[in-house]
Amino acid sequence: MVAILTRERVTTRLDHLEALLRRYPDVNPEVVVKEDTQREGFLITQAAIDYGQGAILKTYHLFSWDQGTLGSMADQKAPIKLPNVIEVEGGPFHLRRTTMRPRINGRSPYMIDVVDGAPKILDRATHDLIGGIRPWHKPPLEYFDKSFPDGTPFPQVMEERGDTIVFRQCQHWGPEEECKFCDINENARTKKLLGQVSSIVPKKPEQVATCAAHLFLHEDWSRWPDYHAPYGIHLNGGTIVQKLQGKEEHDFYLQYVDAIRERIGNRVPIMLQTAPWPKELEKEARDRGATARSANFEVWDERLFHIICPGKDRYMGRQEWLRRMVDQVDVYGVGHVVPGFVAGVEMAQPWGFKTVAEAVRSTTEGMEFFMSHGIVVRPISWCVEALSALGGQTPPPADYFIQLDRNWYELLQKYDLPPQQHRPIGPARNYYPNSGAWDME
């Protein structure tokens, strides 16, 4: 669909970004800058780590979202004093607000530093400005000061954006089952070992419900125009193939939906992210209060799905996974089935595609399949996490991500689909940090 042009000789990151913008004149600079910085990650200087004075701490996710290890950046026993996402704007490309993750990579050509008292993204070699970062001081929300009687801070149970990871591990164990791009289990073990978290046991439903009530019913967001209220709840966790706490996967996750609905009613949408279930269980989940579903299929190519996702292939299989996802549209409706895939992992070596053109063609085929069935897929730009089985791989070039983002946007328009749960897309409007596709215009 998209031709590959010969890469131009570049000497600085500004040269590199300018060359990409000339190569893709129909793609706005927010997409180009976001995808290149996210594929490379950032060297985080000590000044940047100290900037927020520990008022904002990087929340423990399912994944590390880091190409480098925490120990290479700061004291291993201290939480990383960074926000989960940063908002980048200005600079030589006049960026409109662009939300991305501060992915850690000590070898990156980009760095986050503090200049004249404000955080910036710079070319590591030349210190040329790439973009300014909105200060990440502690939001003036009561939510950030609250803790449960056991000492657990509210933001560790549910982020202020409404995201909650209720089960921090995955029961696809070991190299014969774990997805090769995923560091979920190793990340959990490492975080616990280094004291980043006190526990990796599942979160308590009543605590999740309490946090939801405070965010959506008690916090007065209108007082703080610089902070947007969360759109809804994203309830997520690792796959359960055996029982957990005596419950099958659907019963385990739906107890959280039940607790939230009992506490705050039906006014807030809940996107539930797990493996896809048989249609009768999806109907039960909808009836109990789930309003959207995400069942990440990870990689489209059939051969690569078998290699990269051995546990998913073994326990369910690609064809059944896809069939159940199509069935979800009948249950939840168009725009409310929003699976993710790891954009770029199809170029992982030695198994993956050798060229950008092959990789883009394959994944675009998958995106078209889903969108033609009313499924709004979510590209998740591959972060080559150091603790995963693919740690140390070279990520695909920026051309791959830019071309895929453009194709995604074209398909969204072709099939006249709403974005994820009707959330806004485009520069200065998108808050999804994991792909430049949502920043297209």
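Bear in mind the structure is a predicted one, so any value in this text is a computation, not a measurement.
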Going by the angle between their ring planes, with limits at 30° and 60°, are W408 and W438 parallel, tilted or perpendicular?
tilted
Rounded at 0.5 Å granularity, tell me how far CG in D163 sits from CE in M271.
8.0 Å
So among N236, V208, V157, which one has a side-chain contact (heavy atoms from CB on, under 4.5 Å) with V166?
V208
Would you say the side chains of E358 and T355 form a donor-acceptor pair under 3.5 Å?
yes
For the atom pair CE (M158) and CD1 (I233), what is the distance rounded to the nearest 0.5 Å?
4.5 Å
Could you please spell out the steps behind the salt bridge (Lys or Arg N to Asp or Glu O under 4.0 Å) verdict for R223 and E142?
CA-CA 12 Å; R223 294 185 299 165; E142 182 186 350; 6.0 Å; no
Using the ring of each side chain (for Trp, its six-membered ring), is Y143 parallel, tilted or perpendicular to H214, with breaks at 30° and 60°?
tilted
From the list N430, L95, V88, side-chain contact (heavy atoms from CB on, under 4.5 Å) partner of E30 resolves to L95
Distance (rounded to the nearest 0.5 Å) between E159 CD and I165 CD1:
7.0 Å
Scan residues 272-322 for pairs that pass ring pair (Phe, Tyr, Trp, His ring centres under 6.0 Å), counting only residues two or more places apart or in two chains.
H172-Y315, F297-F341, F297-F370, W300-F369, W300-F370
Result for side-chain contact (heavy atoms from CB on, under 4.5 Å) between I112 and one of I130, I133, I49, I104 points to I133
Distance check, rounded to the nearest 0.5 Å: R293 atom CZ versus L235 atom CG?
10.0 Å
Over 12 foreign heavy atoms within 6.0 Å of CD, E176
no
Y400 and E346: side-chain donor and acceptor closer than 3.5 Å?
yes
Between R378 and S294, a side-chain donor and acceptor under 3.5 Å
yes
Validate the cation-pi geometry between K146 and F154: distance from NZ or CZ to the six-membered ring centre under 6.0 Å, angle to the ring axis within 45°.
yes
K279 atom NZ, neighbour heavy-atom count above 12 within 6.0 Å:
yes
Let me confirm one number: the CE-CH2 distance from M347 to W382, rounded to the nearest 0.5 Å.
9.5 Å
In residues 256-268, what donor-acceptor pairs under 3.5 Å come from side-chain atoms, sequence neighbours left out?
{"unit_1": "Y256", "atom_1": "OH", "unit_2": "K203", "atom_2": "O", "d": "2.5"}
{"unit_1": "D258", "atom_1": "OD1", "unit_2": "R288", "atom_2": "NE", "d": "3.1"}
{"unit_1": "D258", "atom_1": "OD2", "unit_2": "R288", "atom_2": "NE", "d": "3.4"}
{"unit_1": "D258", "atom_1": "OD2", "unit_2": "R288", "atom_2": "NH2", "d": "2.4"}
{"unit_1": "R261", "atom_1": "NE", "unit_2": "G289", "atom_2": "O", "d": "3.1"}
{"unit_1": "R261", "atom_1": "NH1", "unit_2": "G265", "atom_2": "O", "d": "3.1"}
{"unit_1": "R261", "atom_1": "NH1", "unit_2": "V268", "atom_2": "O", "d": "2.6"}
{"unit_1": "R261", "atom_1": "NH2", "unit_2": "V268", "atom_2": "O", "d": "2.8"}
{"unit_1": "R261", "atom_1": "NH2", "unit_2": "G289", "atom_2": "O", "d": "2.7"}
{"unit_1": "R263", "atom_1": "NH1", "unit_2": "T210", "atom_2": "OG1", "d": "2.9"}

How many angstroms lie between atom OG1 of T364 and atom CD of E410, to the nearest 0.5 angstrom?
9.0 Å
Could I get the full list of side chain to side chain donor-acceptor pair (under 3.5 Å) partners for R324, not counting sequence neighbours?
E320
Using a 6.0 Å cut-off, check whether atom CG of D287 has over 12 heavy atoms from anything other than its own residue.
yes
Could you check L20, D439, D405 and say which one makes a side-chain contact (heavy atoms from CB on, under 4.5 Å) with V32?
L20
Identify whether NZ of Lys or CZ of Arg in R361 sits under 6.0 Å from the centre of the six-membered ring of F353 and within 45° of that ring's axis.
no
